[in-house]
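So you know, we letter chains A, B, ... as the sequences are listed, proteins then strands, and number each from 1. Only a predicted model underlies this, so the values are computations on that prediction, with no experimental measurement involved.
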Amino acid sequence: MKKKANERLRKKEIKDVLEKLEKIYPEAVSELVYQTPFQLLISTILAAQCTDVRVNQVTKKLYQHYNTPQDFLKLSEEELGEWIHSCGFYKTKAKNILNTCRILVEKYGGEVPQRREELVELPGVGRKTANVVISNAFGKPAIAVDTHVFRVSNRIGLAHSDNVEDTEEQLMNNIPKTQWSDAHHWLIYHGRRICKARKPLCEQCPLREECLYYKELTKKS
DNA sequence: AACTCGGGGCA
DNA sequence: TGCCCAGAGTT
């Protein structure tokens, strides 16, 4: 795939953007605080097309009773569906979670595998969820590209691509490894608060100076 | 590439 | 009321 280098930021601009993001969102740690890889896995499955706040509300109670795949397998699909009802897509998610738990028990001794090829084989686990587990639960190199990370990084110019995998690769090339985890959270925060999908608040965005999207925007008008 | 799953919060 | 949300699976 051809990549137009001139539509991405230069090194210095990338450095400036990262410094600004760090300054803007110093508190940008995930509000989803988890104790185990299994909990993170389940929470991330639940987070599909659902706000993290609601996932937290649900899992806070859920994890008081069920903490392992073996625990979850005591639940029927209907029972789990009631627990996670407010997260949306609850039937699909309940079925996928229980099937994932069965695989974890039967194939991995109740543990969460650490390799992406193994993770994406689990029902309900795609590339994004796998990367969240890899990076956040196991501290291994990966950047999870969700809709916010994808949109924001491609707007600013931290990446320039129309697909997730290239964006992921470019982000890992452009961002120092020590900041991968933080940058993931910064971009999500920024996407939620300012660089919104529909009506981005460019006029109050601190990254205007470097942002290629804003540059393009102001060029037209 | 388009379609489906979906309840709940908010303007 | 209508729009949107830390995606993934199927056709």
Side-chain angles (χ1 to χ4, degrees), chain A residues 1 21 25 27-34 37-63 77-104 112-113 116-138 142-156 158-159 161-168 171 175 180-201:
Chain A
M1 165 156 311
L21 283 170
Y25 306 114
E27 81 288 5
V29 286
S30 177
E31 292 171 19
L32 304 171
V33 178
Y34 306 103
F38 175 73
Q39 290 174 334
L40 179 59
L41 174 65
I42 300 304
S43 301
T44 309
I45 292 175
L46 288 177
Q49 295 297 290
C50 173
T51 62
D52 57 336
V53 176
R54 193 171 299 134
V55 173
N56 260 334
Q57 291 171 347
V58 167
T59 54
K60 189 176 178 184
K61 296 179 192 167
L62 180 60
Y63 293 161
E77 262 184 51
E78 290 72 23
E79 289 169 331
L80 181 55
E82 285 182 31
W83 273 102
I84 66 175
H85 187 263
S86 67
C87 292
F89 301 149
Y90 61 95
K91 289 179 184 173
T92 306
K93 287 176 180 175
K95 185 195 293 184
N96 283 340
I97 287 172
L98 290 182
N99 282 332
T100 283
C101 287
R102 286 187 193 101
I103 296 176
L104 292 184
V112 179
R116 175 158 34 228
E117 307 87 78
E118 295 171 325
L119 285 165
V120 295
E121 287 299 313
L122 301 170
V125 179
R127 189 181 183 87
K128 183 258 174 177
T129 300
N131 279 347
V132 168
V133 172
I134 290 170
S135 57
N136 290 358
F138 297 126
I143 294 183
V145 176
D146 58 34
T147 55
H148 295 303
V149 174
F150 182 82
R151 180 184 67 255
V152 175
S153 57
N154 278 294
R155 272 185 183 165
I156 297 175
L158 290 177
S161 167
D162 57 357
N163 71 75
V164 169
E165 290 190 27
D166 281 342
T167 298
E168 195 180 305
L171 287 178
I175 301 173
W180 284 2
S181 174
D182 288 335
H184 169 77
H185 294 302
W186 294 336
L187 293 172
I188 290 175
Y189 267 57
H190 194 60
R192 293 269 348 198
R193 290 165 170 68
I194 295 178
C195 196
K196 302 193 287 186
R198 288 300 158 83
K199 298 176 180 175
L201 308 177

Check the pair L158(A), L187(A) against side-chain contact (heavy atoms from CB on, under 4.5 Å), reporting the backbone distance first and the verdict last. CA-CA 10 Å; L158(A) 290 177; L187(A) 293 172; 4.0 Å; yes
Could you report the tightest heavy-atom contact between D146(A) and V149(A), atom names first, then the distance? OD1-N, 2.8 Å
Return no unless some side-chain N or O of H85(A) is found under 4.0 Å from OP1 or OP2 of dG7(B). no
Please list each protein N or O that sits under 3.5 Å from an N or O in nucleotides 2-5 of chain B, with the distance.
from	atom 1	to	atom 2	distance (Å)
dC5(B)	O3'	T92(A)	OG1	3.3

Span that lies between the P atom of dA6(C) and that of dT4(B), in whole angstrom: 23 Å
Donor-acceptor pairs under 3.5 Å, side chain of residues 79-89 of chain A to any protein atom, not counting sequence neighbours: which ones?
from	atom 1	to	atom 2	distance (Å)
E79(A)	OE1	S76(A)	N	2.9
E79(A)	OE1	S76(A)	OG	3.4

Rounded to whole angstroms, how far apart are CD on E165(A) and C1' on dG7(C)? 15 Å
On DNA chain B, check which nucleotide each of A48(A) and Q57(A) is closest to and give me the residue with the more 5' one. A48(A)
Hits for side chain to side chain donor-acceptor pair (under 3.5 Å) against R151(A), two or more places apart or cross-chain, chain-then-number order -> H148(A)
Of all residues at least two apart in sequence or in a different chain, which pass the side chain to side chain donor-acceptor pair (under 3.5 Å) check with R127(A)? E168(A)
Can you check the distance between dG9(B) and dA8(C), where both ends of the measurement are the C1' atom (answer in whole Å)? 23 Å
For atom C1', what is the distance between dG7(B) and dT10(C), given to the nearest Å? 22 Å
Let me know the distance between NZ of K196(A) and P of dC5(C), rounded to the nearest Å. 10 Å
Residue set satisfying side chain to side chain contact (heavy atoms under 4.5 Å, CB included) with E121(A), at least two apart, ordered chain then number -> none
Spacing between D52(A) atom CG and dG8(B) atom P, to the nearest angstrom: 17 Å
dC5(C), dA6(C), dG7(C): which one has an atom nearest the side-chain heavy atoms of A197(A)? dC5(C)
Nearest whole angstrom, please: distance from the C1' of dG7(C) to the CZ of R127(A). 14 Å
Please give, in whole Å, the distance from dA6(C) C1' to R54(A) CZ? 13 Å
Considering residues at least two apart in sequence or located in another chain, which fulfil the side chain to side chain contact (heavy atoms under 4.5 Å, CB included) criterion with C195(A)? V152(A), R155(A), H190(A)
Sorted by chain and number, sequence neighbours left out, salt bridge (charged side-chain N to carboxylate O under 4.0 Å, His left out) with E78(A) holds for none
Can you name the residues that form a side chain to side chain donor-acceptor pair (under 3.5 Å) with E165(A), not counting sequence neighbours? none
Anything under 3.5 Å between a protein N or O and an N or O of nucleotides 1-4 of chain C, put it in a table, one pair a line.
from	atom 1	to	atom 2	distance (Å)
dC4(C)	OP1	R198(A)	NH1	2.4
dC4(C)	OP2	R198(A)	NH1	3.1

Separation between CD1 (I97(A)) and OH (Y90(A)), nearest 0.5 Å, reads 14.0 Å
Can you name the residues that form a side chain to side chain contact (heavy atoms under 4.5 Å, CB included) with K196(A), not counting sequence neighbours? L201(A)
Would you mind reading off the distance between R151(A) atom CZ and dG7(C) atom P, rounded to a whole angstrom? 10 Å
With sequence neighbours excluded, tell me which residues meet side chain to side chain donor-acceptor pair (under 3.5 Å) with T51(A). none
Pairs: protein N or O with nucleotides 9-11 of chain C N or O, under 3.5 Å:
from	atom 1	to	atom 2	distance (Å)
dG9(C)	OP1	G124(A)	N	2.9

Whole angstrom value for the distance that separates P of dG8(B) from CH2 of W83(A): 16 Å
At under 4.0 Å, does any side-chain N or O of R192(A) touch on OP1 or OP2 of dA6(C)? yes
Calculate the interatomic distance between K199(A) atom NZ and dC10(B) atom C1'; express it in whole Å. 13 Å
